[in-house]
Protein chains: 2
Amino acid sequence: MRSRIEDVAAAAGVSMKTVSRVLNNEPNVRDEMRQRVMAVVEKLQYRPNLSARSLAGQRSYVIALVYNNPSRNYLMEIQNGMLEACRDNHYNLVLAPVGASRQRKVDDLKVVFEHFAPDGVVLIPPLTDDPVVLEFLEANHVAFACIAPKHPDGRIGVMMDETAAVRELMAGLVARGHRRIGHIKGPPAHGACQWRFKGYREALRKAGIEYDEDLVVQGAFSFESGIEAGNRLLDLKRPPTAIFAANDDMAAGVIRAACERGLVVPRDISVCGFDDTPIARHIYPALTTVRQPTSDMGRLATMQLLARIRAADAGGMVHVEHEVLFRESTQPPVRH
Amino acid sequence: MRSRIEDVAAAAGVSMKTVSRVLNNEPNVRDEMRQRVMAVVEKLQYRPNLSARSLAGQRSYVIALVYNNPSRNYLMEIQNGMLEACRDNHYNLVLAPVGASRQRKVDDLKVVFEHFAPDGVVLIPPLTDDPVVLEFLEANHVAFACIAPKHPDGRIGVMMDETAAVRELMAGLVARGHRRIGHIKGPPAHGACQWRFKGYREALRKAGIEYDEDLVVQGAFSFESGIEAGNRLLDLKRPPTAIFAANDDMAAGVIRAACERGLVVPRDISVCGFDDTPIARHIYPALTTVRQPTSDMGRLATMQLLARIRAADAGGMVHVEHEVLFRESTQPPVRH
DNA sequence: CTGTTAGCGCTTTCAT
DNA sequence: ATGAAAGCGCTAACAG
């Protein structure tokens with residue numbers, strides 16, 4: 001049978017409450033007591049009962065990952081990072097996929113909150129900037145951390161300088177001799193897409209290349225949208241010599257579009273993506289892309305959230321580093 | 001403030017226990033009562049408190065997905081299916097990744113069990129057949145469901161006739177004129193790999209093609225192992241005209257290996273995989289493969305598990321259908 | 001068929 | 001700095 005806090009108290013010759021204080025790192029316990037209790041906890045292999053703790057303490061020890069329809073790979077990485085942080089802190093991760101409409105979002109959130117009463121929430125794009133979700137969380141006074149928010153002011157969470165990353169990527173393209181560089185934007189709801197577009201424009205300006213709106217088409221982050229957008233760019237009278245897609249899935253779509261017309265990447269057209277998901281390495285040619293430390297971002301966001309849960313003024317916005325990876329899908333353009 | 005069972009009881013003019021009975025679908029309640037209670041539950045928007053329920057009822061309403069290092073896509077699909085079943089049954093999914101060594105497996109399981117006390121567990125390959133894990137679960141009398149177990153006898157869970165699927169896939173290759181067909185095996189710990197290999201051999205026999213062990217090489221389910229295995233097969237004095245890799249990631253590796261030697265798929269060599277993960281459609285040429293209803297399998301396994309949790313003799317082994325998808329990566333062989 | 005009474009194991013008062 | 005007692009909201013065991 002599992003030992004209870006009472007058993008620990010008895011074995012250590014102290015009251016239940018003292019054991020509780022030690023376990024929760026509360027003040028007002030002498031060091032000597034603390035050590036005595038910890039020794040018994042160790043000896044008895046005592047682990048607090050989650051349900052009892054939640055019931056008495058009015059906390060659930062649960063945090064929810066709220067998401068909409070992110071790329072599977074992205075979600076998986078975030079989730080892994082969060083799991084790590086949760087395990088280290090004796091917290092429990094609950095997955096909270098929500099629907100697309102306003103009503104479904106609210107309903108789905110309600111179900112999760114009524115059932116699990118999470119102590120906090122981590123938001124990933126595009127929900128990071130969703131007014132319906134944010135309003136719900138604020139109305140319910142739930143702590144939340146944001147990953148890659150569009151408006152980071154006053155928020156806690158994690159972000160990366162995506163604009164700088166894109167500038168660096170674009171600079172690499174320019175250095176290889178490209179002047180006509182196309183861009184496939186991601187869905188506007190993703191804050192990140194604006195930054196990526198911003199990086200694209202800044203890089204052009206810096207390189208003294210005039211912005212040509214024909215070279216910028218809208219995508220939706222999906223492989224299929226990448227094919228379509230790629231075809232649109234390749235159909236231009238003067239097609240680009242390189243295409244920067246706002247994520248890897250769309251870049252893979254561009255490669256397919258190119259292959260289907262008999263073009264060879266990168267000989268005839270250079271392609272690059274963003275995220276460094278597995279497909280970037282598995283596709284042929286391997287994609288030039290930007291690596292985000294996605295799993296770290298999940299872990300760090302969770303740590304900020306837990307800090308905030310423990311103290312209303314703790315936690316902040318953490319920044320992580322990117323890495324630009326030039327691989328096989330880019331090379332100097334062919335001169336005609 | 002959230003309403004409690006006491007509020008419902010008062011408003012319905014019955015005892016708490018009656019409400020409890022209604023909520024838990026227990027017998028011994030008149031239909032009239034049941035309806036009266038349900039109406040109040042609806043009106044008060046009553047939702048039981050999970051912690052209190054767990055504490056009093058000695059159940060956690062948690063099931064754990066125990067996994068080792070499956071393909072990310074596979075895991076994601078299983079997880080989605082399980083989430084669906086959990087939500088429908090007011091259960092909570094906890095993710096339980098475990099380490100590789102015997103000791104780590106046991107330690108990691110212990111942590112999860114001490115913390116969450118899951119009412120049941122779903123096992124996916126290769127853990128479905130892991131003696132350490134199975135022994136632990138049996139010793140702790142925990143209900144568990146298996147997905148694609150090597151030894152389904154007496155187990156509950158879900159499986160697919162993978163041997164038949166491979167026979168069908170191979171028959172398609174043979175019908176297109178292939179006689180020298182290579183095979184890249186998956187890691188032996190995966191029960192499924194033996195079946196896939198069995199299907200390969202049975203298809204050869206049926207087609208009257210002699211088994212040639214040079215055409216069968218060992219892989220590890222990873223993209224990298226696919227490259228290596230692909231190279232080994234393509235290096236043969238008489239290389240195969242088609243290669244069946246035991247999963248999509250390895251098939252993608254074969255395509256890369258072929259591309260790097262300047263071969264064109266499927267003109268010079270046909271390639272097929274298994275699983276129909278996203279990469280199968282995103283790669284060029286799109287992979288011929290076998291679709292498993294992975295998400296359904298997660299859902300169905302969870303449903304069997306919940307049945308077993310509710311009644312010690314309920315639940316069983318469910319079978320799901322496969323689908324062979326011929327896409328771009330296969331065509332008749334070139335005649336020399 | 002329905003209700004009453006005791007906990008489940010912990011944390012929170014509030015004493016000391 | 002420590003402890004005793006009173007619940008948290010629910011279900012199990014027993015009575016009726």
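Reminder, nothing fancy here: chain letters follow the sequence lines and each chain counts from 1.
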- request: Please confirm whether the backbone N or O of B/Ala12 pairs with a side-chain atom of B/Arg36, one donor and one acceptor, at under 3.5 Å?
  value: yes
- prompt: Over how many whole Å does the gap from B/Gln35 atom CD to C/dC1 atom P extend?
  reply: 15 Å
message: Treating A/Ser295 as the side-chain partner and A/Ile78 as the backbone partner, does any N or O pair qualify as donor plus acceptor under 3.5 Å?
response: no
task: Whole angstrom is fine here: how far is it from CG in B/Asp31 over to P in C/dC1?
output: 10 Å
message: Rounded to whole Å, how long is the line connecting atom CG of B/Asp7 with atom C1' of D/dC10?
response: 13 Å
- request: Please list residues of residues 38-45 of chain B whose heavy atoms come under 4.0 Å from any atom in DNA chain C, ordered by number; otherwise none.
  value: none
- line: With sugar-phosphate taken as primed atoms, P, OP1 and OP2 and all else as base, the protein-contact string of nucleotides 8-16 of chain C at under 4.0 Å (heavy atoms; B, S, -) is BBBBB----
- prompt: In degrees, rounded to 10°, what is the bend between the two ends of the helix from C/dC1-D/dG16 to C/dT16-D/dA1, using five pairs at each?
  reply: 30°
message: In the structure I gave you, are the side-chain heavy atoms of A/Asp275 and A/Ser71 within less than 4.5 Å of one another anywhere?
response: no
side-chain hydrogen bond (donor to acceptor under 3.5 Å, both in side chains) between B/Glu114 and A/Gln45, worked out: CA-CA 10 Å; B/Glu114 282 168 353; A/Gln45 292 273 357; over 6 Å; no
task: Using the side chain to side chain donor-acceptor pair (under 3.5 Å) rule, collect all pairs that involve residues 123-134 of chain B, keeping only residues at least two apart or in two chains.
output: B/Lys105-B/Asp130
field: Side-chain donor-acceptor contact under 3.5 Å, A/Thr18 with A/Ser15
entry: yes
query: If only side-chain N and O atoms of A/Thr18 are considered, is one of them under 4.0 Å from the OP1 or OP2 phosphate oxygen of D/dG3?
result: yes
- line: The side-chain hydrogen bond (donor to acceptor under 3.5 Å, both in side chains) partners of A/Asp119 (sequence neighbours excluded) come to A/Ser60, A/Tyr91
message: Applying side chain to side chain donor-acceptor pair (under 3.5 Å) as the test, list every pair that has at least one member in residues 137-152 of chain B; sequence neighbours left out.
response: B/Glu138-B/Arg155
query: Any salt bridge between B/Lys110 and B/Asp107, counting N to O under 4.0 Å?
result: no
- request: Measure up the A/His115 and B/His90 rings against each other and bin them: parallel (under 30°), tilted (30 to 60°), perpendicular (over 60°).
  value: tilted
